[in-house]
Peer 1: 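Take a look at the following structure, please.
For reference, positions follow the sequence shown, starting with 1.
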Amino acid sequence: MINLVLTSILLSIKIIFTPARHFSGRKMRRNATLWTSYVLKTPTKKLFLGGDSGYDTHFKMIGDKYGPFDYAIIENGQYNEAWKYIHALPEDVIQASIDVRAKNIIPVHSSKFALALHAWNEPLKKVTSLAESKNLSVVLPMIGQPVDLNTAEHHFEKWWEFE
């Protein structure tokens with residue numbers, strides 16, 4: 001019975017591969033593989049998983065075709081103005097969220113390791129401030145903290161502000 005229920009749930013989940021903008025450098029040859037983002041449709045939720053992507057017109061196209069989304073998980077960190085086409089700047093995270101028509105934004109790809117020269121918590125400070133000015137909902141759990149996607153209101157401590 002459990003197998004049947006699980007199979008039924010899996011059959012009702014749809015994954016759609018959508019564009020992302022990055023480069024490939026994980027192997028010996030550069031740009032030999034592609035990057036992608038995903039639309040995940042479940043019976044009750046629609047999520048956009050932005051992958052590792054710089055900002056471009058693909059976000060608007062995805063929003064027009066598949067939006068609106070209950071949640072958009074978009075990378076926000078390890079950025080530099082010179083890399084803006086492969087790693088989104090905080091203002092690009094906000095614009096991408098608007099473009100895909102996300103009800104909630106979950107910024108990721110920050111606060112774990114240092115690739116760029118910004119402070120570890122700068123991406124979260126900037127994206128929350130920018131989101132507030134646009135009246136957007138940002139979901140920022142501490143790394144490893146669970147998020148209930150069925151809850152309308154999310155309340156997390158501003159853990160990135162403690163130093």
Side-chain angles (χ1 to χ4, degrees), residues 15-26 35-42 44-163:
I15 300 172
I16 302 163
F17 295 84
T18 50
R21 182 174 179 152
H22 205 273
F23 71 95
S24 299
R26 301 279 189 240
W35 287 79
T36 189
S37 59
Y38 306 91
V39 170
L40 179 62
K41 292 182 180 182
T42 74
T44 61
K45 296 282 180 273
K46 195 176 346 174
L47 293 87
F48 173 69
L49 292 79
D52 202 359
S53 182
Y55 181 77
D56 207 342
T57 57
H58 63 282
F59 290 106
K60 177 88 170 93
M61 182 276 300
I62 293 165
D64 289 346
K65 189 168 183 176
Y66 301 106
F69 293 94
D70 297 297
Y71 292 90
I73 302 169
I74 299 179
E75 69 103 350
N76 172 53
Q78 309 314 321
Y79 54 80
N80 181 301
E81 186 65 36
W83 313 332
K84 69 180 184 176
Y85 297 112
I86 59 169
H87 284 183
L89 303 170
E91 53 271 21
D92 296 334
V93 172
I94 298 303
Q95 189 58 54
S97 301
I98 292 168
D99 288 355
V100 299
R101 300 185 296 148
K103 295 174 189 163
N104 298 281
I105 309 162
I106 303 176
V108 296
H109 199 265
S110 62
S111 310
K112 284 182 74 172
F113 61 91
L115 174 64
L117 297 177
H118 56 69
W120 72 271
N121 59 355
E122 179 185 290
L124 300 178
K125 285 181 176 182
K126 285 188 172 186
V127 84
T128 54
S129 173
L130 291 165
E132 231 173 64
S133 72
K134 301 271 187 190
N135 202 26
L136 298 172
S137 171
V138 179
V139 179
L140 280 169
M142 185 179 290
I143 295 169
Q145 189 175 4
V147 176
D148 183 351
L149 299 181
N150 294 313
T151 301
E153 295 290 321
H154 299 280
H155 301 285
F156 296 100
E157 277 191 71
K158 293 185 176 184
W159 56 270
W160 60 94
E161 290 183 356
F162 305 124
E163 293 191 47

Peer 1: Measure across A88 and V93 and return the closest heavy-atom pair with its distance rounded to 0.1 Å.
Peer 2: CB-CG2, 4.0 Å
Peer 1: Which atom pair, heavy atoms only, marks the closest approach of V100 to F69?
Peer 2: O-CD1, 3.1 Å
Peer 1: Say you draw a straight line from CD of Q95 to CD1 of I74; how long is it, rounded to the nearest 0.5 Å?
Peer 2: 10.5 Å
Peer 1: Find out whether E157 and M142 are in side-chain contact, i.e. whether some heavy atom of one side chain is under 4.5 Å from a heavy atom of the other.
Peer 2: no
Peer 1: Heavy atoms only: give me the nearest S110-G77 pair and the separation to one decimal.
Peer 2: CB-CA, 4.0 Å
Peer 1: To check you understand the geometry: which heavy-atom pair defines the closest contact between P123 and N76, and what is its length?
Peer 2: O-ND2, 2.9 Å
Peer 1: Which residue pairs pass the side chain to side chain donor-acceptor pair (under 3.5 Å) test with at least one member in residues 128-149, sequence neighbours excluded?
Peer 2: N104-S137, D148-T151
Peer 1: How about K158: does its NZ atom have over 12 heavy atoms from other parts shown lying under 6.0 Å from it?
Peer 2: no
Peer 1: For residues 63-79, which residue pairs qualify under salt bridge (Lys or Arg N to Asp or Glu O under 4.0 Å), counting only residues two or more places apart or in two chains?
Peer 2: K60-D64, D70-K103
Peer 1: If you round to the nearest 0.5 Å, how far is NZ of K46 from CG of L40?
Peer 2: 11.5 Å
Peer 1: Aromatic contact between F17 and Y38, with the criterion being ring centroids under 6.0 Å apart: yes or no?
Peer 2: yes
Peer 1: Suppose we screen for ring pair (Phe, Tyr, Trp, His ring centres under 6.0 Å). Which residues come up paired with Y85, at least two apart in sequence or across chains?
Peer 2: none
Peer 1: Going from CD1 on I16 to CG on L49, what distance comes out if it is rounded to the nearest 0.5 angstrom?
Peer 2: 12.0 Å
Peer 1: Mind telling me whether W159 and W120 have parallel, tilted or perpendicular rings, with 30° and 60° as the class edges?
Peer 2: parallel
Peer 1: For H118, enumerate each residue passing the ring pair (Phe, Tyr, Trp, His ring centres under 6.0 Å) test, keeping only those at least two apart in sequence or located in another chain.
Peer 2: Y79
Peer 1: Could you tell me which residues satisfy ring pair (Phe, Tyr, Trp, His ring centres under 6.0 Å) with F156, sequence neighbours excluded, listed by chain and number?
Peer 2: none
Peer 1: What is the minimum heavy-atom distance between F59 and G54, and which atoms define it?
Peer 2: CE1-O, 3.6 Å
Peer 1: Does a donor on one side chain and an acceptor on the other come within less than 3.5 Å for S37 and H58?
Peer 2: no
Peer 1: Which value, rounded to the nearest 0.5 Å, describes the distance between M61 atom CE and Y66 atom OH?
Peer 2: 7.0 Å
Peer 1: For E91, what residues pass the side chain to side chain contact (heavy atoms under 4.5 Å, CB included) criterion, not counting sequence neighbours?
Peer 2: L89, L130
Peer 1: Can you find a heavy atom in the side chain of I105 that is under 4.5 Å from one in the side chain of I94?
Peer 2: yes
Peer 1: Please report the shortest heavy-atom distance between L149 and Y71, naming the atom on each side.
Peer 2: O-OH, 3.2 Å
